[in-house]
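In what follows, every heavy atom counts, from backbone to side chain, and hydrogens, waters and symmetry copies are set aside. First the proteins, then the strands, lettered A, B, ... as listed; each starts at 1.
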Amino acid sequence: MTIPHDTIITSAHKAFAPALLHWFKDNARPLPWRESYDPYHVWISEIMLQQTQMERGVAYFERWTRELPSPSAVAQANEDDILKLWEGLGYYNRARNLMRAAQIMVDSHDGWVPEDKATLLALPGIGPYTAAAILSIAYEQDEPLVDGNVARVLARVFDLDAPVGETATQKALWALAAELLPAGQARNFNQGLMELGALVCKPRTPVCANCPLAELCEARRLGITEHRPVPGKKVDITPLSIATGVLINKGRIFIQRRHEDDVWGGLWEFPGGGVEEGETPEQAVVREYAEETGFEVVAQNPIRIIKHGYTRFRVTLHCFFLAAVNGLGPPALTAATAHKWATLEELDDHAFPAGHRKLIDALAEDERFHKLLTHSPNTP
DNA sequence: AAACCGTGGTA
DNA sequence: TTACCAAGGTT
């Protein structure tokens, strides 16, 4: 579908920007990066907030900027520390890209966040949205932007009847945003549009009574705000059965570091893998352990079953205590780049995927685990 | 273009 | 409980 945006913007929409700016002045949340609009802070916040809830993002932002107050600090940090700061946020490539981009800033851009679009877009992890957000919010340049919030607000105000995820619709949305943008006000206009989407023009229950754009809103006039934006096609959720195990030796626990280019790249984990057809979880964990480490193990007591989801998968994670059959030499790693024998306390220094972090939390409260740590056959 | 990359909150 | 959702980017 092509949207004739030059015809759907009318003289009535002259009120759009003033109304929005006035509303934002009174309703902007006191977010930490809004204190000074430091470009480094804006950059970090924009990457963190991608596909992430505001409340969680703020907590991670505070910790990150305290530990890493500048691009050069990010550039010099080691990847394990970066991933630990990101643990639990998901989409871990974002953290790795922050590090790579910071190194480019240090090497080529005087250690600072670039001020022009082409240079920003060349940095890893920065796409059209984030480049426009940095340019408008940090540097007050007249750049329009469209994120999920803006798309929803505009789809309602202009009654767009195509899914906002489609390429043609995106193109129209960016054109609309550009046309509505008041010169010299991009910082507050763009943030106001997103803030309105987050606080008032919400996905399920828009609060039109509080909306400064209600008089302009075509979906509201037609009583179809719940049907705008129109939904795209949904992805199928695939159930996954995974088995993993905790191998203890001399009071220490075996962990390994995942390959960089894999899911959860660079994070630490307990070895394991998918339960195959006709296989029990116990058999799976023994087989996977042998494949990934060369260790011959036996599954002992089940620890618990953990449910968690990622992207389009729904995982049932079967967790077992393991014991080594033979003496343990160095592992022959096939699914990892490094391994460690860690104490319970040392586990906390490493970044784990959420499912495995849940397992660690369960272990810490499990009496059987503490007994195995101190009374296993191979106690030191 | 479409698949992939995580997670926890919410209705 | 399930399904959808959140300040996207990369391949």
So, [X] and [Y]: side-chain donor and acceptor under 3.5 Å apart, yes or no?
X: Asp80(A); Y: Trp268(A); value: yes
X: Arg94(A); Y: Thr52(A); value: yes
X: Thr334(A); Y: Glu291(A); value: no

Counting any heavy atom closer than 4.0 Å, what does [X] reach on the DNA or RNA strands: base, sugar-phosphate only, or nothing?
X: Thr167(A); result: sugar-phosphate
X: Leu193(A); result: nothing
X: Arg29(A); result: base
X: Arg258(A); result: nothing
X: Glu195(A); result: base
X: Gly309(A); result: base

May I ask you to decide if the ring planes of [X] and [Y] are parallel, tilted or perpendicular, using 30° and 60° as cut-offs?
X: Phe158(A); Y: Phe16(A); value: parallel
X: Trp86(A); Y: Trp64(A); value: perpendicular
X: His318(A); Y: Phe320(A); value: parallel

Handout entry: Whichever of Thr205(A) and Thr52(A) has its nearest DNA chain B nucleotide further upstream toward 5'
Key =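 It is Thr52(A) whose nearest nucleotide is closer to the 5' end.
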Exercise for the section: List in chain and number order the residues that pass ring pair (Phe, Tyr, Trp, His ring centres under 6.0 Å) with Tyr37(A), two or more places apart in sequence or in another chain; answer none if no residue qualifies. Expected result: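 Listed in chain order: nothing, the list is empty.
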In whole angstrom, what separates [X]'s [atom1] from [N]'s [atom2]?
X: Trp86(A); N: dT7(B); atom1: CH2; atom2: C1'; result: 13 Å
X: Lys234(A); N: dT2(C); atom1: NZ; atom2: C1'; result: 11 Å
X: Leu98(A); N: dG8(C); atom1: CG; atom2: C1'; result: 13 Å
X: Lys358(A); N: dG6(B); atom1: NZ; atom2: C1'; result: 11 Å
X: Gln51(A); N: dC4(C); atom1: CD; atom2: P; result: 16 Å
X: Tyr60(A); N: dA6(C); atom1: OH; atom2: C1'; result: 15 Å

Handout entry: From CG (Leu347(A)) to CD1 (Ile255(A)), nearest 0.5 Å
Key =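 Answer for the CG-CD1 pair, Leu347(A) versus Ile255(A), is 5.5 Å.
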Check nucleotides 9-11 of chain C for protein N or O atoms closer than 3.5 Å to its own N or O atoms and list the pairs.
{"unit_1": "dG9(C)", "atom_1": "OP1", "unit_2": "Gly127(A)", "atom_2": "N", "d": "2.9"}
{"unit_1": "dG9(C)", "atom_1": "OP1", "unit_2": "Gly127(A)", "atom_2": "O", "d": "3.3"}
{"unit_1": "dG9(C)", "atom_1": "OP1", "unit_2": "Thr130(A)", "atom_2": "N", "d": "2.9"}
{"unit_1": "dG9(C)", "atom_1": "OP1", "unit_2": "Thr130(A)", "atom_2": "OG1", "d": "2.7"}
{"unit_1": "dG9(C)", "atom_1": "OP2", "unit_2": "Tyr129(A)", "atom_2": "N", "d": "3.4"}
{"unit_1": "dT10(C)", "atom_1": "OP1", "unit_2": "Gly125(A)", "atom_2": "N", "d": "2.7"}

Practice task
Provide the closest heavy-atom pair for Ala131(A) versus Lys117(A) in the form atom of the first, atom of the second, distance.
Solution key: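 Heavy atoms of Ala131(A) and Lys117(A) come nearest at CB-CG, 4.5 Å.
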Handout entry: OP1 or OP2 of dG9(B) under 4.0 Å from side-chain N/O of Gln53(A)
Key =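 No, Gln53(A) has no side-chain N/O under 4.0 Å of OP1/OP2 on dG9(B).
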Are there any protein N/O atoms within less than 3.5 Å of an N/O atom in nucleotides 2-5 of chain B, and if so, which ones and at what distance?
{"unit_1": "dC4(B)", "atom_1": "OP2", "unit_2": "Arg312(A)", "atom_2": "NE", "d": "2.7"}

